[in-house]
Amino acid sequence: MGAGGAKEAPLQDPRDVMHLVETLKQAVAAIVEGEGLTDGLDRIAVETPRDPTHGDFATNAAMVLAKAAKRNPRELGELIAARLADSPLVTSASVAGPGFVNITISPEAAAAVVRAAQDGAAFTALAQTDAPQKVNVEYVSANPTGPLHVGHARGAVVGDALANILALRGHEVTREYYINDAGAQVDVLARSAFLRYREALGETIEIPSGLYPGDYLVPVGEALAAEHGRALLDQEEAAWLPLVRETAIAMMMEAVRGDLAVLSIEHGTFFSEKSLQSPEDIVGKTIARLESEGLVYEGTLPRPKGQAEDWEDREQTLFRSTEFGDDMDRALKKSDGSYTYFASDIAYHDHKIQRGYHRLIDVLGADHGGYVKRMTAAVAALSHREVKLDCLLCQLVKLYRAGEPVKMSKRAGDFVTLREVVDEVGADPVRFMMLYRKSDAPLDFDFAKVTEQSRDNPVFYVQYAHARCASVKRQAVEAFDATILDDLASAPLESLADSGERSLVVALALWPQLLASAADVAEPHRVAFYLHELAAALHTQWNRGKDDVTLRFVNAEARDLTRARLALVEAVQAVLRQGLSALGVSAPNEMR
RNA sequence: GUCCUCGUAGCUCAGUCGGAUAGAGCACAGGAUUCCUAAUCCUGGGGUCGCAGGUUCGAAUCCUGCCGGGGACACCA
């Protein structure tokens, strides 16, 4: 658009407006572009102002562009405001403060939002990107050496919700679990299971320290006894270990899947670490490739300061991760010549890259924080900086029971399992609470509070808002008849003029954009907080009906007005349902 | 010692690619009896955004240095 063509902002007929926020943004962009200002267009934002008296929306466009344009921001703001005010979507627009343009939307625009949001799925689809990617989300990936505990639950829920959100954003998402079935720990598992096998055959066993004592291995021992009888007893460890290991891993992974299923989590791909080592030695090939690019060498690492008593200064096979931002180069082989975990993980991430993903996301426990730089470096090296790896660190979950910390010790299998927690409080509260916090912040999880059905509990607060919407519709049918709910989109939505109704409309309008940004920055908690706010706006409006009867959603004297408000309620319900569904939380129609 | 992460109301936390007078819940004080669920709502007090500099029209947000909590630091996974 040239400077001369500055006249028409792309403001459609309000009936066609689906994504109001985006439309307003484009309108603002068109106006400033018409002025020949293009520097900083992507920084233009249309947001809700903190103070509602400033209007429904505000844009920072004038301030963002003023500097590059060497123009007075307020003057530019005046121009934007004047043009915007011509739009059928805008009732008034004015400049305030240092150059904000405050916008009050028209009744027609509000109506368009409600109409769009009533079809929750179509409305949510507005969040879809026009640049879809193949995204791999790897989460949980717990060692197959026992059942999942609460700590795993957080990563599981965060990863699952994130995958949902990315899919709603329009990306092609794979949910993946990396099975660490190649290291020393699964050998320990096998030895532990072998003891249980002997136990199943009648021996009295004693579990030495260093092996896994948990009685979840008892069934494994029994299965081994049933399958092999006494045949393994006389064999050397080298002979029975692979057999036992395979059975134990398979049964543990079955248990893991079962644990995840109670949270409705299902991975699409389970990737075996062992498959990278044999029979094809994919790890070796990947390292060879890095070597051919000069990124692998034999060398010594500096001794870390302040510790490492048994430090042994020797040559190692190292990856030049420092060239990609790591603090030091990292070992690829252990002293016995076998690959390090890192080497396997390099091959694994390379495998993901070869599978064509544009973006990799690893959901990790916070204790893996020190691992992020080297893995990010490896992915950069492997993909020649084409593929981005995001590591999402999940902090610890601290369990409380009525304010008292729940003690857990690692020995003796004395930990609280994921299944125990879900059995006690239910999947919905567990999922929502895990998401109602930034993932990199520690989380206090109090059994008493999480099961409490009160407003203190955000899960019930949001679910109740959804149920209340359903209840309002039921009440409307009672006050009128079943046809009251027919074709609500044709109701006179322009009559939704009350400030509380307007607040709900504005909250609804933000949904697609919010969902999109939650996906882009990989922060599922934003969705949870948004839902809480939308629920609050609904509860508030419902309660205002107590003070002022004319504000009630259902008004037996005014059928058309009631229908318009029911449309609003239906839209709120639809968005709540979409959001809850994205988080994997149910949206009940009544709370009992 | 190095790196990562966090530090916002009495408590638990949002807000951070720079934007208007920094928000919510809990707790505390007060209030809402005929009403679609009082599982809700309203009002109020409460802040040197860890400290100190810097960048600029503008900093909780970006940079530097400190302080404090948590985590990780060859050969584990």
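Since the structure is predicted, the reported quantities are computational estimates derived from the model, not experimental observations. Proteins get letters first, then strands, A, B, ... in listed order; numbering begins at 1 in each.
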Answer yes or no: side-chain N or O of A/N102 and base N or O of B/rA20 forming a donor-acceptor pair under 3.5 Å. yes
Taking the minimum atom-to-atom distance to the side chain of [X], which one of [options] wins?
| X | options | answer |
| --- | --- | --- |
| A/D440 | B/rC41, B/rC13, B/rU5 | B/rU5 |
| A/R526 | B/rG15, B/rA20, B/rA24 | B/rG15 |
| A/Q185 | B/rU16, B/rC4, B/rC76 | B/rC76 |

When the distance from [atom1] of [X] to [atom2] of [N] is rounded to whole Å, what number comes out?
| X | N | atom1 | atom2 | answer |
| --- | --- | --- | --- | --- |
| A/D326 | B/rC3 | CG | C1' | 9 Å |
| A/E47 | B/rG23 | CD | C1' | 15 Å |
| A/R474 | B/rC35 | CZ | P | 18 Å |

N or O in side chain of [X] less than 4.0 angstrom from [N] OP1/OP2:
| X | N | value |
| --- | --- | --- |
| A/K334 | B/rA77 | yes |
| A/S335 | B/rA74 | no |
| A/R468 | B/rA38 | yes |
| A/H525 | B/rG15 | yes |
| A/K373 | B/rC3 | no |

Under the 6.0 Å and 45° cation-pi test, does A/R374 pair with A/F319? no
With rounding to the nearest 0.5 angstrom, report the CZ to CG distance, A/R468 to A/N589. 14.5 Å
Compare every heavy atom of A/A476 with every heavy atom of A/V554, then report the nearest pair and how far apart it is. CG2-CB, 3.8 Å
With the threshold set at 4.0 Å, does a side-chain nitrogen-carboxylate oxygen contact exist between A/D350 and A/K352? no
Quick check, are the ring centers of A/Y139 and A/Y177 under 6.0 angstrom apart? no
Counting only Watson-Crick and G-U wobble pairs with both atom distances below 3.5 Å, the stems of 3 or more consecutive pairs that include RNA chain B are B:1-7 with B:67-73, B:10-13 with B:23-26, B:28-32 with B:40-44, B:50-54 with B:62-66
